Every structure is written in C-alpha cells, then in structure tokens.
Amino acid sequence: MTGHPLESVSHTGFEKFVQIRRHLHQYPELSNEEFETTKAIRGWLAEAGIRIVEAGLATGVIAEVGGVRPGPVIAIRADIDALPVQEETGLSYASRIPGKMHACGHDFHTASLLGAAYALKERESELQGTVRFVFQPAEEKAKGARQVLDSGVLDGVQAIFGLHNKPDLPVGTIGIKSGPLMAAADGFVVEVDGKGSHAAVPEAGLDPIVTAAHIITALQSIVSRNVSALQSAVISVTQLHSGTAWNVIPEKAVLEGTIRTFDEQVRAQVLERFSQVVDGVTSALGTSGGVRWIEGPPPVINDEALAQLGLEAAAAAGLEAVVPVPSPAGEDFAVYQREIPGLFVFMGTAGTQEWHHPAFTLDEAAIPASIRFWTELADIALKQLASGGGEQP
Ligand SMILES: [Zn+2]
Ligand SMILES: [Zn+2]
C-alpha cells in the first residue's frame, strides 16, 4: 500500500472532513452570499499549505496542487451554496441559520473536495501535472459556473470533474455514464393580456383566464405529440395567477413553470413549439400574450473517454459503479462542459429524502468514498492526459 492515495488519506484522517462538513452544515449561506464559507475554506486550505489561486471572485475559492512535475491541468469542482429551506432533520448539527439549509448536500461536496485536496497535497511531488480545485459559488441559481469561467482560472484546463450526492444510491456505489445525465432546466413566464369586464357580461371583455386554461391544455401536446418517443422532455406549469374578485373578469393572467430536456435539439424544438402554442392560442381567442424565458443551465452531457477514466477510478477506489438513471434536475456543471470536456458523477449517499427536502440527509460514510474517488481519479486522469490526450484509455 506504500504510496497509495488511500494511505495518505487515512494518515490525514477522514474525521476532519466529517467535522468540516458538519460545520458547513450548521452555517449555510445562499448563492453568491457564501462569504463565511469562503473564509472557512481558505482557512482549511491554508492549514494544509495548499496554494490558493486568486480569481477575483466575490465568493468561492480556487486552489491548486501539483506542478512539481510537468503535465496537464485538470479541475475538480464542488459547489458550496445552500438553499432557502427551513431544516427539519432534527440532527445535532442542524442548521443554526433560520430559513437556510444545506438541503442539496453541497456541504458534503465541499468537505469531500477539501479531503481530496489534502490527500493530493501529501503526494504533490508525485503528481504528473496540476489539479485545480474549484469551490464554486451560486450553483443553485445556475450562476456560479459562469462566474468561475469568466474569471479565467480554468483557461488551459483539459478536463473538469464534478460529483453530486445521490440519496437513492447506497454508500459505496457511484453512478457513472457517458452522454446525458442531467437536464437543461429552463423557466418560463407567460403573460396573457385580455380585457376586463363584469363577469356577467363576458362579451364586453376578453377573458385571460379562459385563454390561460387553453394554453395549459395545449402545452400538453408538445411532449405527447411533438417530442419523439425515443427522446424525453417535461413541461410543468407551476404557477397561475389571475383575478381579484368572484364577479370580475380580470385584465391579465400570468403562468410560470419549467421545461426540462436532455438534448439541445429537443430543447430548441420544445421552446419553439411553446412559443407557437402561446401565440396561436392567444390570437385564436382574441387576447394577446408573450413568453419570457428564464434560461437555465444546458444539459449535463458527459464525455465518453472521461467516463471511462471515471470507471477506472471507481474500481481503484473500491467503489461499485452503476449506470445511473438520468435526473431531470438541472446542474450548472453543464456550463463548464460546453467549454471543457467534463464528467459529472453521482456518489451514493443513502439519503432518506430527495434533494431540496427539509429533512434531506446523507450518510457521512460517503465522505471517505468521495475522497478516495477524487484522489484516484486525479492520478489516473493526469497520467492518461499526459500520455496521449485522453482519447481511449
Ligand atoms: Zn440543488
Ligand atoms: Zn445540488
């Protein structure tokens, strides 16, 4: 076992990273407000003598290990932000900030990446290249990845890796697949403008509520009639606001919701049909309307060669690799993957609730598993990329 990454990790001790995760869990901060979290991460990196790369980010930290021996540069990313959720886990280390919670497990991602940075720092002189650690802000608002890319700290990075905890996978398993893994998550706001009138005299007005109802019904035909049976998409209308009184036809109705797709072509097709449905229904019913898009992250699409490296690293780390079911949730890791070949994986955490639930939990035994995976993957990826560009391992 001499020189094995596991050895150096156990030497450092996993307990520290469990404590780090619990500290982060108690003091969650929302997207782009991660000031204390940023300070704490800087402190933990400094304790181990890990170089911080100044990126000019208001929140978030970039650090680096390696460069003693020449070689490629890879990046591993963890997100650090929490959610506006009131925690209901009853844990001794539950959130101490009312209305804020690490309900997506980004505290676990951060602690695991710190563990990997510590482990790789201990064997820095052996690394064939450089590993850059990205502690990214504002994932939940799908803004942070863009902020990191715009800072320029990933220029020259040849591959980027990220993980998300997965409550429905047991600890010791890891979900790895090439191709689509998570959805593009776009939002929409539809405003229907009618003409108000007395509810008893509808012919004097143009009813936006009837139009909104027809729009909602017609939208159901997009997934069922326009998207191929071999592709998938979700359209959910989640808000409908209109009216103020039982006897008044209102002036306006507003619908909001989200569209999830796993393929850029399907995404473009669904968005186009959506606009056509809104235009067609409003004009047929004499009202007017428009769609405002809230563009979310693109789909997470994994690089095939990097997925192979992920499988090798999983085996080296003693994890059982499974083929995960793609998730219709969005993830701004996809923004990196548009510019840098990337691999995003699901780490089994045996949670009792899904992401964003007030009682969301995870099994901390997944922290050592994640640290082992990152350490093995960094080693394997640097060697592979150094020896030939990372095509087929
Ligand atoms: Zn989330
Ligand atoms: Zn998340």
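Remember, it's a predicted structure, so these values are computed and weren't measured experimentally. One-based numbering, in listed order, for ligands and for the atoms of each.
The nearest N, O or S atom of H164 is closer to the Zn ion (ligand 2) than 2.8 Å.
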Please tabulate, for side-chain N and O atoms in residues 182-189, each donor-acceptor pair with protein atoms closer than 3.5 Å (sequence neighbours left out).
| unit_1 | atom_1 | unit_2 | atom_2 | d |
| --- | --- | --- | --- | --- |
| D186 | OD1 | R267 | NH2 | 2.8 |
| D186 | OD1 | G296 | N | 3.0 |
| D186 | OD2 | R267 | NE | 2.8 |
| D186 | OD2 | R267 | NH2 | 3.4 |

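H23 and Y27 have tilted rings, their planes meeting at an angle from 30° to 60° on a 0 to 90° scale. Taking the six-membered ring where tryptophan is involved, the planes of H164 and H109 are perpendicular, since the angle between them exceeds 60° and thus also 30°.
With sequence neighbours excluded, the residues forming a side-chain contact (heavy atoms from CB on, under 4.5 Å) with E88 are P358, listed by chain and number.
For the Zn ion (ligand 1), protein N, O or S atoms closer than 2.8 Å were enumerated as C104 SG, E140 OE1, E140 OE2, H356 NE2, with waters left out.
Inspection of the Q19 and E15 side chains reveals an N or O donor paired with an N or O acceptor under 3.5 Å.
Evaluation of the side-chain hydrogen bond (donor to acceptor under 3.5 Å, both in side chains) test over residues 212-232, restricted to residues two or more places apart or in two chains, returns N226-R273.
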